[in-house]
Amino acid sequence: MNAQPLNDPDVPSGCPVAHGGAELTRLFGPEASTDPLGIYERLRKEHGSVAPVLLEGDVPAWLVLGYRDNRRVLDNPRQFSRDARIWRDWREGRVSETSPLIPMIGWRPDCVSQDGEPHRRLRGAVTDGLLAASSRGVRRHATYFANKQIDAFADAGRADLVAEYTELLPMLVLTRILGLPAADGLRLIESCAQVFKGGEDALEHNGRIIQILGELAERKRAEPGSDFATALLEHPAGLDHDEVVSHLRLVLIAAHTTTSNLLARVLQLVLTDAARLSGLVGGQLNISSVVEEVMWDTPPLAVLPGRFAASDLELGGHHIQEGELLILGLAAGNIDPEVRPDSAVAVQGNQSHLAFSAGPHECPGQNIGQSIIEIGVDVLLHRLPGLRLAVPSEELSSTASTWESRLDSLPVEFSV
């Protein structure tokens, strides 16, 4: 069992580290990277809808596993704040500024780190900026870059769709939306991945992202354009430099990571099911229904960071103390047997999944991501006749971090 005994007299008695007086499961490391769903189900059996866990650096947290408990946390920012400045372990010095958790959980001057009126002010700027950007041809950009990427391997008769397509397409579209040079965007693909992966390189890669986006903001201040960066700079909410850069970072990391992961999972599902593949190619099946199914069964973020108890409270039968960290099990909540007793039952038409979060912090750019995925799948299927997996489906593998599970590769063959 991937667990750690902890009997530290300096740990407050109410925090998850002290739960049961003994062992806690780590959400990082070898077991977590290969069988996250198995861990969620074991924790559900042992602790119910909320479980005490350890994050990287053996930092304690509560993992919310139940669908209803996830919704309660997401829908109630007054009880469960997004403001990491009240995080007790950080406030009391048990989490340092050099922790690899900081790029994911630490406070930043962006809308996801705020509640109430500060959140509404910043969220309005992001929503307006994304709306303006999406009206300027996201589907056109996606079509252009999808064809360009396919051109690079179309004559080979085979490709790895993860390395050569799903990792690249969303970032290339995002460079047009943000106003970022394509070369800079491609450099940042690895940095986005490392921030989510964690480890000792996470802070360095986060710094690289901040540097490149800071330079972008300065360029756009001097030479405005029809892009998201300019929209933030010129918004009536009056964002300062750090707020602009932080929101560029937020959209870049969140949009690329979730869209590339979701696109890969949609293609995996299509290519491992002949009926779905023929239905899409023949026009009998709508790609949005396949995307919806994937968002239920393999959401692009398995675990969402993080919320902080604004006061002592009860959740899932556990006593949560003020300032303690909660992380949201979106994948676990989507398969909660209390709301989905038979995971084999079709979810078509049911959009109440947790894949895009919920409540005031629900993802504001989900329509952009879905447009990229729809175009990406459609262009690929119609450009590559006879598209099929090059390996047995059971050989496809994934690697998980605390926050996500990503398909390692998707080797395919097709007619030339």
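Values below: every heavy atom of this structure, side chains too, minus hydrogens, waters and symmetry copies.
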Donor-acceptor contact present, side-chain [X] to main-chain [Y], <3.5 Å:
{"X": "T127", "Y": "G124", "result": "no"}
{"X": "H241", "Y": "A217", "result": "no"}
{"X": "D408", "Y": "L396", "result": "no"}
{"X": "T259", "Y": "H256", "result": "no"}
{"X": "H382", "Y": "D378", "result": "yes"}
{"X": "D35", "Y": "E31", "result": "no"}
{"X": "H247", "Y": "C111", "result": "yes"}
{"X": "E56", "Y": "G199", "result": "yes"}
{"X": "N76", "Y": "R72", "result": "yes"}
{"X": "R44", "Y": "L65", "result": "yes"}

Can you name the nearest heavy-atom pair linking [X] to [Y], along with the distance?
{"X": "A182", "Y": "L172", "value": "CB-CD2, 4.2 Å"}
{"X": "I189", "Y": "E167", "value": "CD1-O, 3.4 Å"}
{"X": "V416", "Y": "A156", "value": "CG2-C, 4.3 Å"}
{"X": "A302", "Y": "Y40", "value": "CB-OH, 3.7 Å"}

When rounded to the nearest 0.5 angstrom, what is the spacing between [atom1] in [X] and [atom2] in [Y]?
{"X": "T166", "Y": "Q149", "atom1": "OG1", "atom2": "CD", "result": "10.5 Å"}
{"X": "D227", "Y": "L180", "atom1": "CG", "atom2": "CG", "result": "9.5 Å"}
{"X": "R276", "Y": "L269", "atom1": "CZ", "atom2": "CG", "result": "4.0 Å"}
{"X": "L384", "Y": "R158", "atom1": "CG", "atom2": "CZ", "result": "13.5 Å"}
{"X": "S246", "Y": "I209", "atom1": "OG", "atom2": "CD1", "result": "11.5 Å"}

Salt bridge check: are [X] and [Y] linked by an N-O gap of less than 4.0 Å?
{"X": "R187", "Y": "D184", "result": "yes"}
{"X": "D297", "Y": "R340", "result": "yes"}
{"X": "R78", "Y": "D115", "result": "no"}
{"X": "R68", "Y": "D336", "result": "no"}

Item checked: Evaluation steps, side-chain contact (heavy atoms from CB on, under 4.5 Å), between F153 and V412 -> CA-CA 11 Å; F153 57 75; V412 295; over 6 Å; no
State, yes or no, whether a side-chain contact exists between [X] and [Y] at a heavy-atom distance under 4.5 Å.
{"X": "L301", "Y": "F196", "answer": "yes"}
{"X": "L169", "Y": "V173", "answer": "yes"}
{"X": "L267", "Y": "V377", "answer": "yes"}
{"X": "D83", "Y": "W107", "answer": "yes"}
{"X": "P299", "Y": "L354", "answer": "no"}
{"X": "L232", "Y": "E243", "answer": "no"}
{"X": "I320", "Y": "W62", "answer": "yes"}

Next item on the list: With side-chain contact (heavy atoms from CB on, under 4.5 Å) as the test, would you mind laying out the steps for I327 and W403 before giving the verdict?
Entry: CA-CA 9 Å; I327 56 175; W403 315 109; 4.0 Å; yes
Next item on the list: Start with the C-alpha gap between R265 and S398, add the side-chain angles, then the distance that decides, and say whether side-chain contact (heavy atoms from CB on, under 4.5 Å) holds.
Entry: CA-CA 10 Å; R265 293 299 186 183; S398 301; 2.9 Å; yes
Note to self: With a sphere of 6.0 Å drawn around CD of E200, does it hold more than 12 non-hydrogen atoms of other residues, nucleotides or ligands?
What the structure shows: no
Note to self: Looking at E338, I'd like to know if its CD atom is crowded, meaning that more than 12 non-hydrogen atoms belonging to other residues, nucleotides or ligands lie closer than 6.0 Å.
What the structure shows: no
Check: After noting the C-alpha distance and the side-chain angles of R406 and T399, does the key distance pass the side-chain contact (heavy atoms from CB on, under 4.5 Å) rule?
Finding: CA-CA 6 Å; R406 298 188 76 84; T399 301; over 6 Å; no
Next item on the list: Quick one: list whatever passes side-chain hydrogen bond (donor to acceptor under 3.5 Å, both in side chains) with E97, sequence neighbours left out.
Entry: W90
Next item on the list: Could I get the full list of side-chain hydrogen bond (donor to acceptor under 3.5 Å, both in side chains) partners for T257, not counting sequence neighbours?
Entry: none
Margin query: Is the ring pair W296/Y67 parallel, tilted or perpendicular, if the boundaries are 30 and 60 degrees?
Written below: parallel
Item checked: Residues forming a side chain to side chain contact (heavy atoms under 4.5 Å, CB included) with A310, sequence neighbours excluded -> none
Check: Testing H119, H361, R121, R82 for side chain to side chain contact (heavy atoms under 4.5 Å, CB included) with Q114, which one passes?
Finding: H119
